[in-house]
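In what follows, residues are counted from 1 in the order of the sequence shown.
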Amino acid sequence: MTERYVRPDVRALARAEGAASDERVLAYARAVEVMRERGPEDPTSWIAQATLHRERPRGTWLFLPWLRMHLWFLERIMRAAVVEGGGPADWALPVWRYADGDATLPGAFRAPALPDGTPNPLYRPDAERAPGMNAGAPLPAAVTSPARALAARTFSPGFGGVPAGPRAGGEPTPPGLLELQPHDGVTAALGSDAALDPVFPLHLAQVDRLWEAWRGRGGGRANPVQFDWTDQAFMFVDADGRARDLTCGQVGDLVNLDYAYEGLPLPARTERVLRAGADAVPVDAWPGGGRPIAACQGGGVELGAEPRRVSLEPSGDRSAATAGSRVYLCLEDAEAAGVPGSVWEVRMGGDGAGAAGRDAPVGTIAFPCRCASRRFVLDVTDAVDELRAEALAVSFHPALPAGFGPGAGPAARVGRVLLTDG
């Protein structure tokens, strides 16, 4: 039987040893150093693996399985380096569980030197990492909380995103809830070139762990069964330098791989991934494509270090929204300049005098890199129901404390803000 490697909580390792770094974290540091010494033409080098993350299928239901494959092969590359350096043969990638009460950067990544006084490969200076991270400032829940993602009952649309490919008219697909938060939010908070940060794989492991935690919640939560998802394959380079591929259907079930997460039970093997008539199972309509019921008038919204608030003018009788339908806030034609820390909490409230201070959070949007034409769709049904008799407004608040976020100039722009009925 294949040995199962257990990915531990990086803070639990430190608590067990009574220090910021334990044997397995030190082994990780040495493996990072080994990979950094490899040339960029080597696909097992640190720079090559970091660059690979830029090729992820963003904004689609393929994002989570692609990330799991990427992380699995990266872990195998790192384990080979750990073992070659005399480290534990059962080494597994630690997890940065920032949503579990302590959202500060783990101490092993903030120390400039290792316990023996040599430079710490896990450390990045303030010029390469958001200064607040090294100072021990915690990331806020608006960036780290997976609550909205875990509450979703369907993988697509919702938790994992929608099928790949642009919508009719060329509109980009919105990211799935877990990709949006915490993946994009924490990635943006880490600063420029986040994928080069040694803590980044631990962040990806947290995202992957949350996928498994979501499946374990039951209530009908399950991966897609459509062939377009289960049969989609991606190719990666293994620790021995050979190219290998896996399918989304294979990696969607952890029992097909060789690892588990500390504190999460390994689920029973899925009886059948592919079911008769799988392609006949429709994917629910993409959210945010319904009838516009209100919109912000004007030329868009510039986002920066100060909160911005815009009014939504009804485009019809909002009270005549289809009974039982969901209401979505669509933020379209969003662009970012690639400024580190470009994360905003989105809130909704009434548009009357003095209402701004009572806006309720409805989601977070993040720009982890320079990007053009992103589309965000947030389910705001509950917020709208509470405010149905009032004029509505949407506000954007920097989600990160001082030292993390963008400077005085605009860091992003949302071209259109509208509410849709379904």
Report task. Can you measure from CD (Gln250) to CH2 (Trp72) and round to the nearest 0.5 angstrom? Result -> 9.0 Å
Query - Heavy-atom donor-acceptor pair, Arg221 side chain to Gly218 backbone, under 3.5 Å - result: yes
Requested in this report: Determine, for Tyr5 and Arg79, whether the Lys NZ or Arg CZ falls below 6.0 Å from the six-membered ring centre while staying within 45 degrees of the axis.
Outcome: yes
Query - Verdict with reasoning, Val95 to Tyr261, per side chain to side chain contact (heavy atoms under 4.5 Å, CB included) - result: CA-CA 9 Å; Val95 185; Tyr261 284 101; 3.7 Å; yes
Query raised in the report: Short question: side chain of Arg129, backbone of Gly191 - any donor-acceptor pair under 3.5 Å?
Result: no
Query raised in the report: Is the backbone of Gly161 close enough, under 3.5 Å, to the side chain of Ser156 for a donor and an acceptor to pair up by distance?
Result: yes
Requested in this report: Give a yes or no answer on whether the side chain of Arg97 reaches the backbone of Arg209 with a donor-acceptor pair at less than 3.5 Å.
Outcome: no
Query raised in the report: To the nearest 0.5 Å, what is the distance between CE (Met35) and CZ (Arg38)?
Result: 6.0 Å
Requested in this report: Mind checking the CZ-CG spacing from Arg413 to Leu331? Nearest 0.5 Å is all I need.
Outcome: 13.0 Å
**Report entry** Side chain proximity check, Leu139 to Leu400, heavy atoms < 4.5 angstrom
**Finding:** yes
Query raised in the report: Is Trp344 reaching over with its side chain to a backbone N or O of Gly304, donor-acceptor style, under 3.5 angstrom?
Result: yes
Report task. Just do the side chain to side chain contact (heavy atoms under 4.5 Å, CB included) check on Leu312 and Cys296 with the steps written out, would you? Result -> CA-CA 5 Å; Leu312 297 180; Cys296 169; 4.1 Å; yes
Query raised in the report: Are any of the side-chain heavy atoms of Pro106 and Val25 separated by less than 4.5 Å?
Result: no
Requested in this report: Check the surroundings of atom CD in Glu306: do more than 12 heavy atoms from other residues, nucleotides or ligands lie under 6.0 Å from it?
Outcome: no
Requested in this report: Could you point out which residue of Leu122, Asn120, Leu114, Asp116 forms a side chain to side chain contact (heavy atoms under 4.5 Å, CB included) with Leu26?
Outcome: Leu114
**Report entry** Contact check, side chains of His183 and Phe63, non-hydrogen atoms, under 4.5 Å
**Finding:** yes
Requested in this report: Could you list the residues that satisfy salt bridge (charged side-chain N to carboxylate O under 4.0 Å, His left out) with Arg244, not counting sequence neighbours?
Outcome: Asp238, Asp240
Query - Residues which pass ring-ring contact (aromatic ring centres under 6.0 Å, His included) with Trp46, listed by chain and number, not counting sequence neighbours - result: none
Query raised in the report: Passes side chain to side chain contact (heavy atoms under 4.5 Å, CB included), Tyr98 versus Val143? Steps please.
Result: CA-CA 10 Å; Tyr98 39 68; Val143 173; over 6 Å; no
Requested in this report: Check the pair Asp208, Arg68 against salt bridge (Lys or Arg N to Asp or Glu O under 4.0 Å), reporting the backbone distance first and the verdict last.
Outcome: CA-CA 6 Å; Asp208 183 64; Arg68 177 167 285 180; 2.5 Å; yes
Query - Step-by-step side chain to side chain contact (heavy atoms under 4.5 Å, CB included) determination, Leu202 to Tyr28 - result: CA-CA 11 Å; Leu202 281 67; Tyr28 176 66; 3.7 Å; yes
Query raised in the report: Are the side chain of Glu262 and the backbone of Val6 linked by a donor-acceptor contact shorter than 3.5 Å?
Result: no
Query raised in the report: Looking at side-chain heavy atoms only, is the closest gap between Arg215 and Asp253 below 4.5 Å?
Result: yes
Requested in this report: Can you measure from CG (Leu303) to CD (Glu335) and round to the nearest 0.5 angstrom?
Outcome: 11.5 Å
Requested in this report: Could you tell me whether a side-chain N or O of Glu179 sits under 3.5 Å from a main-chain N or O of Gly59, the two making a donor and an acceptor?
Outcome: yes
Query raised in the report: Going through the checks in order, is the ring-ring contact (aromatic ring centres under 6.0 Å, His included) test met by Trp229 and Phe155?
Result: CA-CA 11 Å; Trp229 190 86; Phe155 188 99; 5.7 Å; yes
Requested in this report: Evaluate side-chain hydrogen bond (donor to acceptor under 3.5 Å, both in side chains) for Thr381 paired with Arg326, printing each intermediate quantity in order.
Outcome: CA-CA 6 Å; Thr381 307; Arg326 308 299 294 178; 3.3 Å; yes
Requested in this report: Check the pair Asp184, Arg374 against salt bridge (Lys or Arg N to Asp or Glu O under 4.0 Å), reporting the backbone distance first and the verdict last.
Outcome: CA-CA 12 Å; Asp184 283 1; Arg374 293 205 79 185; 3.2 Å; yes
Query raised in the report: Does Phe200 have any ring-ring contact (aromatic ring centres under 6.0 Å, His included) partners at least two apart in sequence or in another chain, and if so, which?
Result: His53, His203
Requested in this report: Would you indicate whether the side-chain heavy atoms of Thr364 and Leu180 approach each other to under 4.5 Å?
Outcome: no
Requested in this report: State, with a plain yes or no, whether a side-chain heavy atom of Arg375 is found less than 4.5 Å away from one of Thr173.
Outcome: no
**Report entry** Residue list, side-chain contact (heavy atoms from CB on, under 4.5 Å) with Thr104, at least two apart or on another chain
**Finding:** Arg11, Asp102, Arg110, Pro138
Report summary line: Shortest non-hydrogen pair, Leu418 vs Pro292, comes out as CD1-CB, 4.1 Å
Report task. List for me each residue that meets side-chain contact (heavy atoms from CB on, under 4.5 Å) alongside Ala48, sequence neighbours excluded, and say none if there are none. Result -> Ser45
**Report entry** Nearest-0.5 Å distance that lies between atom CG in Leu190 and atom CG in Leu105
**Finding:** 7.5 Å
Query raised in the report: So, Asn223 versus Trp211: side-chain donor-acceptor pair below 3.5 Å or not?
Result: yes
Requested in this report: Please determine which of Leu392, Val362, Asp421 meets the side chain to side chain contact (heavy atoms under 4.5 Å, CB included) test together with Val384.
Outcome: Leu392
Query raised in the report: Phe234 versus Asp245: any side-chain heavy-atom pair under 4.5 Å?
Result: no
Report summary line: Separation between CG (Leu67) and CG (Leu74), nearest 0.5 Å, reads 10.5 Å
Query raised in the report: Are any side-chain N or O atoms of Arg4 and backbone N or O atoms of Tyr259, one a donor and one an acceptor, separated by less than 3.5 Å?
Result: yes
Report task. Look at the aromatic rings of Phe376 and Phe367 and report parallel, tilted or perpendicular, splitting at 30° and 60°. Result -> perpendicular
Query raised in the report: Is the side chain of Glu75 donor-acceptor paired with the backbone N or O of Leu93 at a distance under 3.5 Å, no angle test?
Result: yes
Query - Stepwise ring-ring contact (aromatic ring centres under 6.0 Å, His included) test for Phe236 and Trp66 - result: CA-CA 10 Å; Phe236 293 85; Trp66 183 96; 5.7 Å; yes
Query raised in the report: Is the closest side-chain heavy-atom distance between Leu378 and Pro174 below 4.5 Å?
Result: no
Query raised in the report: What pairs with Arg24 under salt bridge (charged side-chain N to carboxylate O under 4.0 Å, His left out), at least two apart in sequence or on another chain?
Result: Asp90
